[in-house]
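Presented below is the structure to which this report refers.
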Amino acid sequence: MTRVVLGVSGGIAAYKACELLRRLTESGHDVTVVPTRAALEFVGAATWSALSGKPVTTDVWDDVHEVPHVRIGQAADLVVVAPATADLLARAAHGLADDLLTNTLLTARCPVVFAPAMHTEMWEHPATRANVATLRERGAVVLEPAEGRLTGADTGKGRLPEPAEIFEVCTDLLARGTATADLAGRHVVVSAGGTREPLDPVRFLGNRSSGLQGYALARTAAARGAQVTLVAANVALADPAGVKVVRVETTAELRDQVLGAAVDADAVVMAAAPADFRPTGRSDTKIKKAADGSAPAIELAQNPDILAELSHDRPHAGQVVVGFAAETGDDTGSVLDLARAKLARKGCDLLVVNDVSGGAVFGSPDNQAMILSADADAVDVPFGSKAALAHAIWDQVAARWPG
Ligand code: CTP
């Protein structure tokens, strides 16, 4: 069983850490909650103790015979601090050890995640900027806060990232065992979801793409230090922390946003499922049933192939373009034959191939794939999480960037 320390510092978002705690315990982790004294002003020790099934203390002077100020950090596989206030980030950056949480941070040798939450002014203050930079330099993952409603009437950057997102980052770090910022300084563009082509104000042609693989790509790239633009078509998932999310509906909108963002990108990964066809006309009013029982004919036009366009008109040499293909073998060839032909036809550098003959992967948290390229052997990625496949794809992308 993996040991997770959930540090909670004193901000109003402390109540959201209860959901993170639930997710961590329900997925089988042994969680020790270490709140600061200020955190207990927001959510009491009884809540943390009941949800974690363990005693909870803020103090280094409780249970001294068990040496908790050293033992908890040493034994941890992951420490996540949510919310991390400006004060907590400052104390962590300066190595202070004035309570149990900061002692734990000094003794932990495992990956550490900070999920900040504070007012925009505090986040943007040069002191906080410097503390965040110091913590990142030392290898900690400091998530970018989300934008939106803050305590009181104001809005801006500073909200705690969604607990579901913090949980995904933790799960990913526990699976990898280490935090690396090997994509720092790179801009990557990822498309996700399925486009919808409207027929009338209420109907559309669409597909079942959930966006999970594209979101895993965006989240993992951000966790590895990249600047990420995620172009999302009709996806019902929380924004990954620190990722610029652009929402689109149709293939034409997806094309505009992806091509626009790709201009200065080091890599573009087309994980979206764009509709290949669109109705030639969109009715401004709802299409009614005909009295004679006849069905309307829908004329379709072909949409542009964004991946082929990206591959052929690259804004700069060195940009890596990645496509996806869900294939089933047929009498014209095996999955591998068809995928190799698609790689050549599209002109991309890498093609991630899912063999969907045995059942679909849509909406599933897991995936299995092969990563093809024209100039190297295929890389087999065994059945595993979409995050694991995302990491394998970024490894292949990074290997193609010139030194
Ligand atoms: N793609 C795209 N633009 C489209 C359709 C697809 O950029 N209009 C991208 C997808 O994002 C994916 C890749 O192309 O990365 C493969 O999509 P697929 O539907 O398998 O390709 P098609 O060209 O439609 O091939 P097929 O003839 O097998 O349908």
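For clarity, every value in this text was computed on a predicted model and none was experimentally measured. Counting convention: from 1, in listed order, for ligands and their atoms alike.
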[X]: heavy atom below 4.0 Å from ligand 1, yes or no?
X      : value
Lys346 : yes
Ala326 : no
Glu309 : no

Which of the atoms in ligand 1, numbered in the order shown and given with their element, are less than 4.0 Å from a heavy-atom of [X]?
X      : value
Ala272 : 10 (C), 11 (O)
Met270 : 7 (O), 11 (O), 12 (C), 15 (O)
Asp305 : 2 (C), 3 (N), 4 (C), 7 (O), 8 (N), 23 (O)
Lys342 : 18 (P), 20 (O), 21 (O), 25 (O), 26 (P), 28 (O)
Gly323 : 15 (O)

Identity and distance of the protein heavy atom lying nearest [atom]:
atom                    : answer
atom 27 (O) of ligand 1 : Arg345 NH2, 3.9 Å
atom 8 (N) of ligand 1  : Pro304 O, 2.9 Å
atom 17 (O) of ligand 1 : Phe324 O, 3.7 Å
atom 7 (O) of ligand 1  : Leu307 N, 2.7 Å

Taking everything shown except [X] itself, do over 12 heavy atoms lie less than 6.0 Å from its [atom1]?
X      : atom1 : answer
Phe383 : CZ    : yes
Glu299 : CD    : no
Met122 : CE    : no

Donor-acceptor pair between Thr195 and Glu249 side chains, under 3.5 angstrom: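 Absent: no donor and acceptor within the cut-off.
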Asn131 and Thr134 side chains, donor-acceptor separation under 3.5 Å: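 No, no side-chain donor-acceptor pair sits under 3.5 Å.
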Axial cation check for Trp123 ring with Arg129, 6.0 Å and 45° limits: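 Arg129 over Trp123 ring: yes.
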Among Lys346, Arg345, Arg255, find the one that has a salt bridge (Lys or Arg N to Asp or Glu O under 4.0 Å) with Asp305.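 By the salt bridge (Lys or Arg N to Asp or Glu O under 4.0 Å) criterion, Asp305 pairs with just one of Lys346, Arg345, Arg255: Lys346.
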Spacing of NE2 belonging to His69 relative to CG belonging to Leu101, to within rounding of 0.5 Å: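 The CG atom of Leu101 is 14.0 Å from NE2 of His69, to the nearest 0.5 Å.
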Spacing of Leu199 atom CG and Arg282 atom CZ [to the nearest 0.5 Å]: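 Answer for the CG-CZ pair, Leu199 versus Arg282, is 9.5 Å.
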For atom 2 (C) of ligand 1, which candidate among Asp276, Val269, Ile306 provides the closest heavy atom?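 Minimum heavy-atom distance to atom 2 (C) of ligand 1 goes to Ile306.
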